[in-house]
Amino acid sequence: MADIQSKAQPYVFDLGHLMCSDANPLPSLAQEKEAVLTATARDCAQGLINQLLTTCTIARSSDGDLQIKLPDPSTRLPREKPVPKEKEKTKWDKFAEKKGIKAKKRDGKLVYDETKGDWIPKYGYKGKNMNDGDWLVEVDEKPERKKRAPESEGGNKSKRTKNGPR
Amino acid sequence: MLPIRQIKAKNARTKRYLDNKAPQVVENPRNTLFLRYTSCSEIMQLVLNDIHSLKRPLATKFTKKNSIHPFEDPSSLEFFADKNDASLMVYGSHSKKRPHCMTLVRCFDYKILDMLELYVDPETMRTLGQFKNAKAAVGLKPLISFSGSAFESPSENEYTLAKSLLLELFKGPDVEAIDVEGLQYMIHFSVDEEDNDNVKPQIHMRCYLIKTVKQKNSTLPRVDVEEMGPRIDFRVGRVREADPEMLKEAMRKPKNTEAKTKKNIETDIIGDKVGRIHVGKQDLGQLQTRKMKGLKRSRDIASDDDEEDAGVAVGSDVEMTDVGKRSKVAA
């Protein structure tokens, strides 16, 4: 690549755009115009491809093609449309931010069942909370006791008796 | 011209379209519109066709004649830009005064940002079809090169504008990675050196297929080029430079697009992530050294009896170590 190194001014590359800028003055095109142009173009192509292969990381993609990772473009070009305006925060947004309230994440209806090794619904038909197949289940005592005592009506009972008969 | 009324999406498809058209932080690639004036020479039409075929699929070509004079009244072009969501335009026209004229138009927010007229030299023009060889596949990102000192002029002139517009026109979509097989062709622009002040130097556009040959003594291949067309020589005509206020708005960078650099995390040449961790200062006072009778803490305190209250020695564990440390410092 002696012909490239002999250039007075080195090429400037913008690999994000696959661009090569050659600031050297063009040789005279008075004779053999096309040959001169082809030669300068070839030098540019050689320089650009050398630069691509030496400075960029080359990785094999999932389908087995060799991919050259390009850097971000350094030549700034004007935008097509203005920068999007930031949405104004609502009163609730400000309040939630102050209080640290975040939107609840919904984690879906399926849960992973390790015994089955599969995703099954949390509840409902064939749900996780339906222990089908277990013919003997231990009674959870607390709610069961509540169920059996129809008198208990929570904290309101004492107040009701104090109020007297209806 | 009346402003186009604000459309509110009535169904999901319209909403998707409008969301896609709305300003975005990371922008969609520009669409290019190809238009012609009421009179458009055959040469000009061939040029439009060829550039269109290089630009596919990010291009729309209109076949109807338009009587638009971009430098006098560009409102129709702005209307087309909005309707077609196209922010680049190639407008072909031909007249006695401006023969074989191609106008490159760049828009910002559906308003004309800058324009440049390029007059095609009809003598040297060769179309894509006139070169009988294989062509590059459609929609590939080309290599682009600019040769000649005029493109690198430090002050803004028609050649720096031409460089910016031609790069914008041909660069294709911005991508993060490119397939090695995708490096198929190069578009080369070169500009003559200025000989005399009367004639503006020509811009030569040449498209080449790229062939790589393995070299014996090097890992890098030798590159050969073969012209595939189109071959166009341009003279530069009228220019409309960007309004500085508008350009400033167009060059604005959206916030939060650059990733924050994390402190103490680096990637080395091989691509491994390397982190530096700061361990707090080690407390050497607590260091367990060799146990000997003479170094017992109880003895330590007994020797310091005259300074310290003897009651402290039977205090809590924490106090004891505290005293021990102090005595060591004193020693």
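In what follows, chains are A, B, ... by sequence order, proteins preceding strands, each numbered from 1.
A donor-acceptor pair under 3.5 Å is formed between the side chain of B/Glu193 and the backbone N or O of A/Leu26. In this structure, the side chain of A/Gln46 does not engage the main chain of B/Arg222 through any donor-acceptor pair within 3.5 Å. Using a distance-only test at 3.5 Å, with no hydrogens or angles considered, no donor-acceptor pair links the side chain of B/Arg206 to the main chain of A/Glu34. Under a 3.5 Å cut-off, the side chain of A/Lys81 and the backbone N or O of B/Lys21 do form a donor-acceptor pair. Remark: side-chain polar atoms of B/Arg252 are not paired, donor with acceptor, to backbone N or O of A/Val83 under 3.5 angstrom.
Counting heavy-atom pairs closer than 4.5 Å to chain A, the top-ranked of the candidates B/Arg106, B/Glu226, B/Lys111 is B/Arg106. Most heavy-atom pairs under 4.5 Å with chain A, from the set B/Ala22, B/Ser149, B/Ala150: that is B/Ser149. Most heavy-atom pairs under 4.5 Å with chain B, from the set A/Thr38, A/Thr57, A/Leu53: that is A/Thr38. With chain A as partner, the option from B/Ser147, B/Gly172, B/Cys107 having the largest number of non-hydrogen pairs under 4.5 angstrom is B/Ser147. Per-residue heavy-atom pair counts under 4.5 Å with chain A were compared for B/Phe189, B/Phe151, B/Phe170, B/Phe146, and the maximum is reached by B/Phe146. In terms of heavy-atom pairs under 4.5 Å with chain A, the best-connected choice from B/Lys255, B/Lys163, B/Glu249, B/Glu168 is B/Glu168.
Taking both residues in full, the closest heavy atoms of B/Pro23 and A/Pro84 are given as O-CB, 3.8 Å, listed atom of the first, atom of the second, then distance. Closest heavy-atom contact between A/Ala41 and B/Met186: O-CE, 3.0 Å. Between A/Ser21 and B/Glu152, the shortest heavy-atom distance links the atoms CB-OE2, 3.3 Å.
Using a 4.5 Å cut-off between heavy atoms, A/Thr75 touches chain B through its side chain atoms alone. For chain A, the nearby parts of B/Asp85 are the backbone and the side chain; heavy atoms of each come within less than 4.5 Å. When heavy atoms are compared at a cutoff of 4.5 Å, B/Leu113 approaches chain A solely by way of its side chain, counted from C-beta outward. Neither the backbone nor the side chain of B/Pro201 comes within less than 4.5 Å of any heavy atom in chain A. Proximity to chain A (any heavy atom under 4.5 Å) is shown, for B/Val175, by both the backbone and the side chain. For a residue to count as touching a neighbouring chain, one of its non-hydrogen atoms must lie under 4.5 Å from one of that chain's; by this rule B/Asp174 touches chain A with the side chain only. If you measure heavy-atom distances from B/Leu167 to chain A, the contacts under 4.5 Å come from the side chain alone.
The shortest distance between side-chain heavy atoms of A/Arg79 and B/Glu27 falls below 4.5 Å. Residues A/Asp65 and B/Glu181 have side chains not in contact (no heavy-atom distance under 4.5 Å, counting atoms from C-beta outward). Contact of the B/Ser145 side chain with the A/Asp22 side chain is not registered, since no non-hydrogen atoms from C-beta on lie closer than 4.5 Å. Residues B/Leu143 and A/Met19 have side chains not in contact (no heavy-atom distance under 4.5 Å, counting atoms from C-beta outward). Two residues are said to be in side-chain contact when any heavy atoms from C-beta on lie closer than 4.5 Å; A/Gln67 and B/Val180 fail this criterion.
In this structure, a donor-acceptor pair under 3.5 Å is absent between the side chains of B/Thr124 and A/Lys33.
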Determine, stepwise, if the pair B/Ser164 / A/Leu77 fulfils side-chain contact (heavy atoms from CB on, under 4.5 Å). CA-CA 7 Å; B/Ser164 167; A/Leu77 291 169; 3.8 Å; yes
The test is side-chain contact (heavy atoms from CB on, under 4.5 Å); show your working for B/Lys141 and A/Leu18 and say whether it passes. CA-CA 8 Å; B/Lys141 197 173 162 70; A/Leu18 295 177; 4.0 Å; yes
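Salt bridge annotation for B/Glu176-A/Lys69: absent, with no cationic side-chain nitrogen under 4.0 angstrom from a carboxylate oxygen.
Rounding to the nearest 0.5 Å gives a distance of 7.5 Å between CG of A/Leu48 and CD1 of B/Ile210. Expressed to the nearest 0.5 Å, how far CG of A/Leu37 lies from OH of B/Tyr208 amounts to 5.5 Å. Residue A/Glu80 holds its CD atom at 10.0 Å from CZ of B/Phe108, rounded to the nearest 0.5 Å. Atom-to-atom distance recorded for A/Ile68:CD1 and B/Ile178:CD1 is 7.0 Å, nearest 0.5 angstrom. Atom CD1 of residue B/Ile144 and atom CG of residue A/Asp14 lie 9.5 Å apart, to the nearest 0.5 angstrom.
Counting heavy atoms of neighbouring residues, nucleotides and ligands inside a 6.0 Å radius, atom OH of B/Tyr17 exceeds 12 of them. Heavy-atom contacts from other residues, nucleotides or ligands closer than 6.0 Å to NZ of A/Lys122 number more than 12. Within a 6.0 Å radius of CZ in B/Arg235, no more than 12 heavy atoms belonging to other residues, nucleotides or ligands are found. Heavy atoms of other residues, nucleotides or ligands lying less than 6.0 angstrom from CD of A/Glu114 number 12 at most.
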